[in-house]
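The structure appears right after this line, and notes come after that.
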Protein chains: 2
Amino acid sequence: MKPVTLKQIAETLGISITTVSKALKDYPDVSKKTKALVKDLAQTLNYKPNSFAVNLRTKESKTIGLIVPEIVHHFFSSVIKGIISQAEKKGYLVITLQSNESYDLERKQIELLLNKRVDGILISLANQTADYNHLNAVMSNNTPLVMFDKIAKLVKCSKVLINDREAAYKATQHLIDTGCKKIAHFRGPLLPQNSIDRFLGYKKALIDNGITYDSSLVYILKDMSYEEGRFYAKKLVDEHEGVDGIFINTDLVAIGAITEFNSLKIKVPEDISVIGFSNWFMSSVISPSLTTINQPGFEIGKKAFKLLYKEINSKKNDKIINFKEVILDTQLVLRESTKS
Amino acid sequence: MKPVTLKQIAETLGISITTVSKALKDYPDVSKKTKALVKDLAQTLNYKPNSFAVNLRTKESKTIGLIVPEIVHHFFSSVIKGIISQAEKKGYLVITLQSNESYDLERKQIELLLNKRVDGILISLANQTADYNHLNAVMSNNTPLVMFDKIAKLVKCSKVLINDREAAYKATQHLIDTGCKKIAHFRGPLLPQNSIDRFLGYKKALIDNGITYDSSLVYILKDMSYEEGRFYAKKLVDEHEGVDGIFINTDLVAIGAITEFNSLKIKVPEDISVIGFSNWFMSSVISPSLTTINQPGFEIGKKAFKLLYKEINSKKNDKIINFKEVILDTQLVLRESTKS
DNA sequence: CTGAAAGCGCTTACAG
DNA sequence: CTGAAAGCGCTTACAG
């Protein structure tokens, strides 16, 4: 019933614990014969090293922590999948936590993970996070940290990103290229860097194309929900005439907007073109289907883990860690919600 | 730089490690004065117990393992969220793994978790899983195990479920009540218990209503994907005339089917009524929106953790564990894909 | 090639 | 009220 230990194997075989340990780990200074003996017995007894003891000795847990703002979310669940699958390949397990976009929770979760002594932390920040002490604490605790998607520019660590500004530019340019003249923007809250960047890309595209920027056409949303999409779509048409295009920060909101337009009998894209951001699966099945920017969640997750893994190993070998900023490509995905 | 230990606090204060340890844990046999002294210093030094050492001593990790077939999936991500949020409240962290519906992966992951010595395991089985040795291994290893959604009837452990048969009956009955006479069924593979139960509920509803069961109207799908939904929707209308209703095992497939009907100019629900299962978010935003059975993922997750938590504590206190089977309620969600 | 010994950082039964 | 000691199960530097 009780788990088998090195001691039991050693006693059964009449040799020392040291030799058993070395034999199992294929140390060169153990005879072939002894190794065979030990390994055989370990096998038949179904010996598994006690990970608690191994952790204590080696000071590593082969576990990493992951904090995302939301789990029930196409983009983040794709990222999680990418991280977990990659981690598993490298022998790491992943503890996932969800901040619910709350700074307080995020801070507590960082502490939980640090107390747990995970080997590294992966995080996409909560919208509410404006203070980076908890992140700097991770760094000064010497725990590798990689941020992705919603990052803090000011924190010195590796990051995995897309070029939000360029992608937003591309999206807005597409609206312009297909004939839109009066283009609104539903943006995220003032804080996460990517909602700033997407806004700036939108603005720059307008200006580069000789369209006057009108700040009243920019709506700042809070929770980026479907309901908000509906609400602001209504508000937009109540407050403005002749808007013929919108670039929306994220697909879920865009889907809300399209639904609202449908129910208001405003035709998409004939009356108004809509372009989203992120390429959620459901964007391809609603009608009209949503033109959007593809944001490669799975690859972002994989890449983020790979960076973290390298840093964990560099740390182990006392090498200097060079922070990297990896930018992944995005694609414009053409569908029915914009004109051709 | 190095983490603070009990030893350092003891030396600084000139008392024993034992007393420091007891003071921090508020043992009654330490003087108020000493406690205050110790706690103060611990605070200022930002002492955090080394979880590796604590794990080794207490033989518990305050960590549980979770295996789901798929993460990028509305239902499972809701369950994960429920589990993680509940676990966090009780001081448990969750290691999540994804089996990709593969039996081999699932088996390896169980072993990973057991080697990691998690305090308990939560699992929803892969479709491919037909052999339960790995699950019985968990039980005989004395690690609490709770299964949810896709379970194995033969494994003796606690389970969190919905009444799939009854819910499927309810769905089929709704089609009948709204005038459908020739009702098809897209079911899941032969193995997961819930696809069997949903099929049985469908069949029983037909029979109870005097409709002859026709096995050629039942299609057995493999991966329950959107693409399969489209494919079988086409196949159904190619092979049968006059089908006026379908009950589909899961929303994603139903959404594929509706998309296919839309593109074939078959009107839903006028020509054919469609009812899904699970109530994915996107089902409410497609058009026509999908009538379905709500399956409370978040609550299933919460309940599953609560059961596991009880078992972990029972085990710790050497109490007998009584396996429970909790059945959660489902609701019929009426939308546009069925007649009223 | 083998093993005695120290130590990772805690907890707790026991003695005083 | 305090502390010495054993022990959780490993790993590894060192001696032989």
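Just so it is clear: chains get the letters A, B, ... in the order the sequence lines come, proteins before strands, and each one is counted from 1. What's counted below: heavy atoms across the whole structure, side chains too, no hydrogens, waters or symmetry copies.
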Any side-chain N or O of [X] below 4.0 angstrom from OP1/OP2 of [N]?
X: B:S21; N: C:dC10; value: no
X: B:T34; N: D:dC1; value: no
X: A:S16; N: C:dG3; value: yes
X: B:Y27; N: C:dT12; value: yes
X: B:T19; N: D:dG3; value: yes
X: A:K25; N: D:dT11; value: yes

If the threshold is 4.0 Å, N to carboxylate O, is there a salt bridge linking [X] and [Y]?
X: A:K62; Y: A:D119; result: no
X: A:E60; Y: A:R117; result: no
X: B:E101; Y: B:K150; result: yes
X: A:K22; Y: A:D29; result: yes

Trace of the side-chain contact (heavy atoms from CB on, under 4.5 Å) decision for A:N115 with A:E111
CA-CA 6 Å; A:N115 290 349; A:E111 204 173 320; 4.2 Å; yes

For atom [atom1] of [X] and atom [atom2] of [N], their distance in whole Å:
X: A:I17; N: D:dT12; atom1: CD1; atom2: P; result: 15 Å
X: A:E60; N: D:dT11; atom1: CD; atom2: P; result: 12 Å
X: B:N115; N: D:dC10; atom1: CG; atom2: P; result: 12 Å
X: B:L13; N: D:dC1; atom1: CG; atom2: C1'; result: 15 Å
X: B:K22; N: D:dA4; atom1: NZ; atom2: P; result: 12 Å
X: A:Y47; N: D:dT11; atom1: OH; atom2: C1'; result: 10 Å
X: A:L24; N: C:dT2; atom1: CG; atom2: P; result: 14 Å
X: B:I15; N: D:dA4; atom1: CD1; atom2: P; result: 11 Å

Step-by-step side chain to side chain donor-acceptor pair (under 3.5 Å) determination, A:Q98 to A:Q109
CA-CA 8 Å; A:Q98 145 170 308; A:Q109 290 170 342; over 6 Å; no

Could you spell out the base pairing of DNA chain C as a dot-bracket line? Use Watson-Crick and G-U wobble contacts where both distances are under 3.5 Å, [ ] for crossing pairs, | for partners on a different strand.
|||.||||||||.|||

Does A:K59 reach a base, just sugar-phosphate, or nothing at all? Heavy atoms under 4.0 Å.
sugar-phosphate

B:F76: what forms a ring-ring contact (aromatic ring centres under 6.0 Å, His included) with it, not counting sequence neighbours?
B:H73

Measuring from the side chain of A:T5 (C-beta onward, heavy atoms only), which nucleotide among D:dG9, D:dG3, D:dT11 has the closest atom?
D:dG9

To the side chain of B:L6, which of C:dT11, D:dC10, C:dG3 is closest?
C:dT11

Does B:K7 make a side-chain donor-acceptor contact with the base of C:dG7, cut-off 3.5 Å?
no

By nearest-heavy-atom nucleotide on DNA chain D, the more 5' of B:S31 and B:R117 is B:S31

On DNA chain D, more 5' by nearest nucleotide between B:K32 and B:L56 is B:K32

Verify, without hydrogens or angle tests, whether B:N50 (side chain) and B:F52 (backbone) share a donor-acceptor contact under 3.5 angstrom.
yes

5'-most contact on DNA chain C (nearest-nucleotide basis), B:T58 vs B:D29, goes to B:T58

